[in-house]
Each structure stands twice: as structure tokens, then as C-alpha cells.
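Some notes on the structure that comes next.
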Amino acid sequence: MMDHNISHIMGLRQGVVVLLLLQGGSAYKLVCYFTNWSQDRQEPGKFTPENVDPFLCSHLIYSFASIENNKVIIKDKNEVMLYQTINSLKTKNPKLKILLSIGGYLFGSKGFHPMVDSSTSRLEFVNSVILFLRSHNFDGLDVSWIYPDQKENTHFTLLIHELAEAFQKDFTKSTKERLLLTAGVSAGRQMIDNSYQVEKLAKDLDFINLLSFDFHGSWEKPLITGHNSPLSKGWQDRGPSSYYNVEYAVGYWIHKGMPSEKVVMGIPTYGHSFTLASAETTVGAPASGPGAAGPITESSGFLAYYEICQFLKGAKITRLQDQQVPYAVKGNQWVGYDDVESMETKVRFLKNLNLGGAMIWSIDMDDFTGKSCNQGPYPLVQAVKRSLGSL
Ligand SMILES: *[C@@H]1O[C@H](CO)[C@@H](O)[C@H](O)[C@H]1NC(C)=O
């Protein structure tokens, strides 16, 4: 009887501990980007905010907004639907955070000028951001400045600092939760040195979304095959190419002063492809150019996971033991990509380092319908979610 009671109490205690862990913010983040241009893809790639599962991720980031006349704006042809969707997702899952990302590759650095150049225009921008986020029910801002150079890095730091201060002020006046502030940042060692004042940023950012992919692609000179997002250094990597992997990039950010729990590690749902120049098919094999464009994403050297699944039929798949990711070859086509197994390996890695969580670029390139890969809807994001455990 007594024993029974004790074990009952112990059971309760364990339950309380689990609850505290869940509420104490120690759970991992699953940060998912979705892109506004994926709504322009043809079926079955067409992805609208309605395709977003409200329980898939802990944080969703809509990309990208831009800047006009020192104010934040969204140029999306389905703007109204977007705002409605955001609100309905949050009604279904009140714990879901939805952020707006500003910038992106096309926007580049030039898009942030002249806004960042003076304190007056920055203030105008910061005010417009708060008004915009609050009125459309967003939970925060992600700054994806790709990438500030050495001359611009102090302006980047200032912008982040002024946003953080303003978000804090807004919070003290508001009945709502504080707006979150994050940044999409480079994983290249040289870029990290040039672009970021890491210790200052660490104070102001809630977390960083590490763009730990695009390490290799058909822009390479000399043009040889290489993996988009290797977890670890390859045995052939020497000199600067030993930096081109997720493990190095994560370690370097932490080494420069970003707390590990603020590092959210990027995992891609796409691969980079090459056209082989010879019968050689290994990593480092000569290539003659980018791989053929996929039928849906229509851009050479690039395949979404739902296209890769189709490519894999009849392809030869090799798992790189050193870099812990797969590549596939069919005819003269070569693609380095991530699959369920490499996602699981990457999540084990980030949990061992106590990182903040995983970021997915992007959910619209996973097999979100489940029709292309026969692994159910969102096989890659679901694998990450499963491996992370509780969100
Ligand atoms: C997506 O956003 C970009 C940048 O703001 C804009 O130029 C483009 O027209 C948008 N695309 C759609 C489909 O709304």
C-alpha cells in the first residue's frame, strides 16, 4: 500500500518535471520558412498559405517583405488571403509564432539602403515595422539581409539594436507578448567575420536562423561536384573548403560569441545539382555546368525534394560516410540533397550541442502533399519534428 503510494507520488513528480520542462522554454524550436513565390509554381508545386499545417512548426516565417520609402511592405498578390490565413492558423494553434522576414537574395544589400544609412530613416522604418506587425497579428521580425559587407556591418548592428529597443518599449506599453527579433545569417566563415558583430548581435537577437546550406553548387570554380549542405568536413576538403559544412559553421558562430541556445540550425529541403563532364561520379568529379532544371521549380542546378524523389527512381544513391549526407546520380546528372536519414542525423547533432533548434528552408519544397515521395505529407519536416521531440 505504502509502496504503491510512493510510486504514485513519484509518478506525479515526474509528470510535474516534464510539464516544467515543456513550459520553461527548454523545448527545441522548429522554425519553418515559407516563400511567397511558391504560390506561382505550377501544380503540384503550387503552395499557398492555406497549405500550411498550423501544428507542423513552432515558428513560421513568411518571406519576404521589402522596404519602400523607409517603410516595411508586403508585395504579395494574395496579401489579404495571407493575413486571413495567419490569423486562422493562430486560432487553430494559439502557441504558433508567425514572423515576417525582410530581405532575401534578390533584395540583397541594396534593398536596405538608403533606409539603414541614417538614424532618422532607421527610426521611421522601426516604427513602421511595429505598426505593421501589430496590425497584421505577426509575432516578430526576421531580418534576412543577404549579406551586410564589412562597411555595412555596423549599420546592420545598429538596425538590430534599434529594433530590439523599440520592441522592448512597445512591449512595456502593450498588453501583448514582446515581438520576437531574429536574423537569417550566413554560414560562410569569411562572411561571418566580415558581416557580423556577433557579441553585440547576441544581446539583441532572440535567435539566429543559420543559413547552413548552399555550401557547394554549380557556381564553383573549378566546376566540380559538391554537396549543398554536408554535416561534416569531407576527407578531401583542404584549406577554405574545410569550412564549407554545417558543423564548422555552427561551431564558428558559437566560437565568436553566439550562445548555442540562440543558434537555430538551417536544414534544406532542396538540393544542388550538376551535369557531369566525365564518367566520374564522386564528390569532386568534374562537371560541365548546373544540373537540368526541375519540372516544377524550373531553375537549373536546383531541385526541390518533391522533384528529387522523382529523380531517385532508377538513380544510384550513395551515402557519404564522412559528410553524412546522400547524393544521387542518374546518367550525367548529379544531385546532393537531404533525406529523412540525414535530417535525423543533423537533429541528433544539434541536440548534442544544445542548439536552439532546427530551421527549415523551406516547407514549400518538402513533399507537402505527400504525392511525390510516398512518405506522407511533409516527410522531411515531420522527420525533423519527430527527432526534435517536444516543440
Ligand atoms: C513576392 O515578394 C517579392 C518581394 O517583395 C515580390 O517582388 C513578388 O511580386 C512577390 N510574389 C508574389 C507571387 O506575390
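Start at 1 with the first residue, then count along the sequence. Every number for a ligand or one of its atoms is a count from 1 in the order of the listing.
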* Asked: Can you find an N or O of Lys77 that's nearer than 3.5 Å to an N or O of ligand 1?
  -> yes
* How about Lys200: does its NZ atom have over 12 heavy atoms from other parts shown lying under 6.0 Å from it? -> no
Measure the distance from [atom] to every protein heavy atom, then report the residue, atom name and distance (to 0.1 Å) of the closest one.
atom	answer
atom 4 (C) of ligand 1	Phe64 O, 4.1 Å
atom 10 (C) of ligand 1	Asn36 ND2, 2.5 Å
atom 6 (C) of ligand 1	Lys75 O, 3.7 Å

* Asked: Is it the side chain, the backbone, both or neither of Phe107 that has a heavy atom closer than 4.0 Å to ligand 1?
  ->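 No part of Phe107 comes within reach of ligand 1.
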* Side chain, backbone, both or neither: the part of Asp40 lying under 4.0 Å from ligand 1 by heavy atom ->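 Side chain only; the backbone of Asp40 stays clear of ligand 1.
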Are [X] and [Y] an aromatic pair by the rule of ring centers under 6.0 Å?
X	Y	answer
His272	Trp219	yes
Phe64	Phe107	no
Tyr33	Tyr62	no

* For Ser66, atoms of ligand 1 separated by under 4.0 Å from a heavy atom -> 5 (O)
* Using a strict cut-off of 4.0 Å, indicate which atoms of ligand 1 neighbour a heavy atom of Asp76. =>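 In order of number, 14 (O).
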* **Cation-pi, Tyr243 ring and Arg189 (6.0 angstrom, 45 degrees)** =>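 Verdict for Tyr243: a cation-pi partner in Arg189.
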* Check Gln333 against Ala292 and note the closest heavy-atom contact, atom names and distance. =>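 Shortest heavy-atom contact: OE1-N, 2.8 Å.
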